[in-house]
Amino acid sequence: MSHIIIQGGRRLEGALSVQGAKNSVLPILAAAILHPGRTELLGCPRLSDVEASIRILRYLGCRADWEGEALVVDASTLNRWDIPDNLMREMRSSVIFLGAILARLGWAELSHPGGCELGPRPIDLHLSALRQLGATLKEEGGFLRGSAQHMAGREITLSLPSVGATENAMLAACGAEGETLLINAAREPEIADLQAFLRSMGCKVRGAGSSTICIQGRQPTHDVRHTVMPDRIAAATYLAAAAAAGGEVELTQVDPRHLSTVTAALHAAGCQISAGEGRIVLRSTGRLRSAGTVRTAPYPGFPTDAQAILMAALLRAWGATVFVENIFENRYRHVDELCRMGADISVADRVAVVTGVPALYGAEVRCTDLRGGAALLVAGVAAEGQTRIGDIFHIQRGYEDPVRDLRALGAEIELAQ
Ligand code: UD1
């Protein structure tokens with residue numbers, strides 16, 4: 001089993017180009033099957049979740065291969081509508097394939113994605129949206145079986161702006177006759193990227209980024225080449241690392257607008273931040289102060305995916321920072337690991353209070369989930385001594401090469417067996 005070992009306490013300096021967005025490329029890979037032809041994706045990060053999507057695409061009969069820097073999918077040979085349990089278990093977000101398979105083939109059979117490390121993750125909103133489009137869905141024996149021979153567009157209101165349900169409904173609506181209006185849709189930038197991809201493929205979609213998305217289904221599609229948007233959570237991770245360790249870093253291939261709540265919190269904590277077209281520069285003395293109260297919320301609010309990461313940056317800050325996790329029930333599993341490094345954090349239900357400590361100490365810790373693992377990287381670069389991080393497969397789901405990237409910024413970090 002691999003570990004990441006960090007000798008903390010070094011300032012971070014330098015420039016880094018940020019990887020493409022995991023949460024954007026996964027729905028785009030599902031969307032690729034809507035077109036019985038070729039999709040070329042540039043800026044696609046090489047992550048274990050992307051590899052899991054590639055395995056699903058190949059199982060479905062598509063070709064999916066890296067050609068140099070591009071990931072190329074050919075869905076003209078798609079010949080299956082089922083995804084078996086072992087592939088579904090690798091990645092919960094593969095449920096997005098449901099809407100796409102139904103739209104393309106009119107049948108689908110997926111093993112139920114179930115829960116995950118963040119607490120129960122229901123898919124009731126996904127299923128309700130697909131049913132409203134006319135799909136018949138049965139949940140039996142751990143499987144989801146769907147038929148959708150005659151999906152018809154209509155107005156669908158999501159009871160909360162779920163990212164995954166919005167994406168699933170968008171993909172299914174592309175295969176429905178007529179117009180679908182999605183009301184109370186999620187406004188995350190990754191949804192706008194999915195829309196950009198679908199439009200480049202010939203689908204008629206507008207409104208993404210706002211809470212109403214309009215889709216005209218059954219449009220002729222054509223081959224598509226798309227560049228995946230930058231990963232705002234990976235960017236937040238490297239900004240948080242520099243904030244915690246101190247130093248000056250420049251991130252390129254970022255969209256500062258996507259990071260405004262994260263940079264506002266880091267600014268409130270005492271970092272100097274300047275942003276330009278496609279770049280952000282952060283300067284930190286490493287001696288931060290409380291960021292006040294940070295409440296996670298759907299975009300454009302503070303991202304739940306950056307909660308653990310910002311928390312890790314503020315462990316040595318002067319004063320107390322309060323986190324309120326409003327999106328997921330069980331998203332403080334990283335707290336015990338951070339406390340092993342000397343952090344002072346108390347959790348009650350959805351609220352975590354971080355009281356700054358003078359120093360963090362390297363320790364043997366383990367990733368509890370993807371972003372919880374990223375938080376350990378941030379704490380590790382700011383801690384005195386050696387931190388050894390285990391269960392790093394969680395981190396590898398969402399970060400292309402964090403050892404390479406943090407080393408490029410001057411961290412003393414290595415991958416060890
Ligand atoms: C996506 C992101 C994830 C991020 C999350 C919130 C991907 C691959 N993952 O996850 O990184 O943390 O958005 O920004 O893009 N819910 C229901 N019923 C449903 C669906 C969701 O009750 O049918 C609830 C969830 O339990 C959760 C909330 O809605 O409390 C938000 O979940 P959602 O936006 O769907 O997150 P994901 O799409 O799973």
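Note that the coordinates shown come from a computational prediction; the quantities given were computed from them, not determined experimentally. What you see below is based on every heavy atom in this structure, not just the backbone, and it leaves out hydrogens, waters and symmetry mates. Indexing begins at 1, ligand by ligand and atom by atom, following the structure's order.
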Under 3.5 Å between any N/O of T304 and any N/O of ligand 1: does that happen in this structure? no
Check whether any heavy atom of R397 sits under 4.0 Å from an atom of ligand 1. no
Taking distance alone, with N or O pairs closer than 3.5 Å, would you say S162 contacts ligand 1? yes
Hey, is D305 close enough to K22 for a salt bridge, meaning N to O under 4.0 Å? no
Test side chain to side chain contact (heavy atoms under 4.5 Å, CB included) applied to S260 - qualifying residues, sequence neighbours left out: none
Side chains of R225 and S200: donor-acceptor distance under 3.5 Å anywhere? no
N/O to N/O below 3.5 Å, does that happen between D305 and ligand 1? yes
If we only count N/O pairs under 3.5 Å, is P122 in contact with ligand 1? yes
Under 4.0 Å from ligand 1, counting heavy atoms only, is it the side chain of R371, its backbone, both or neither? neither
Should R92 be listed as contacting ligand 1, given a heavy-atom distance under 4.0 Å as the test? yes
Can you check whether G164 has an N/O within less than 3.5 Å of an N/O in ligand 1? yes
Please confirm whether D124 comes within less than 3.5 Å of ligand 1 when only nitrogen or oxygen atoms on both sides are compared. yes
Mind jotting down which residue pairs meet the side chain to side chain donor-acceptor pair (under 3.5 Å) criterion with at least one end in residues 143-154? Sequence neighbours excluded, please. E109-R145, E140-R145
Test side chain to side chain donor-acceptor pair (under 3.5 Å), reference Q216, set E177, R206, E179, K204, output is E179
Give the atoms of ligand 1, by number and element, whose distance to some non-hydrogen atom of V163 is under 4.0 Å. 1 (C), 13 (O), 33 (P), 34 (O), 35 (O), 38 (O)
Have a look at L125 and tell me which of N168, T166, L160 forms a side chain to side chain contact (heavy atoms under 4.5 Å, CB included) with it. L160
Look only at interatomic distance and state if I327 has a nitrogen or oxygen under 3.5 Å from any nitrogen or oxygen of ligand 1. yes
Within-cut-off N or O pair, L125 and ligand 1, under 3.5 Å: yes
Are D336 and R340 ion-paired here, with the side-chain N under 4.0 Å from a carboxylate O? no
Is P161 close to ligand 1, meaning an N/O of one under 3.5 Å from an N/O of the other? no
Whether E400 and R404 form a salt bridge (side-chain N of Lys/Arg under 4.0 Å from carboxylate O of Asp/Glu) is what I want to check. yes
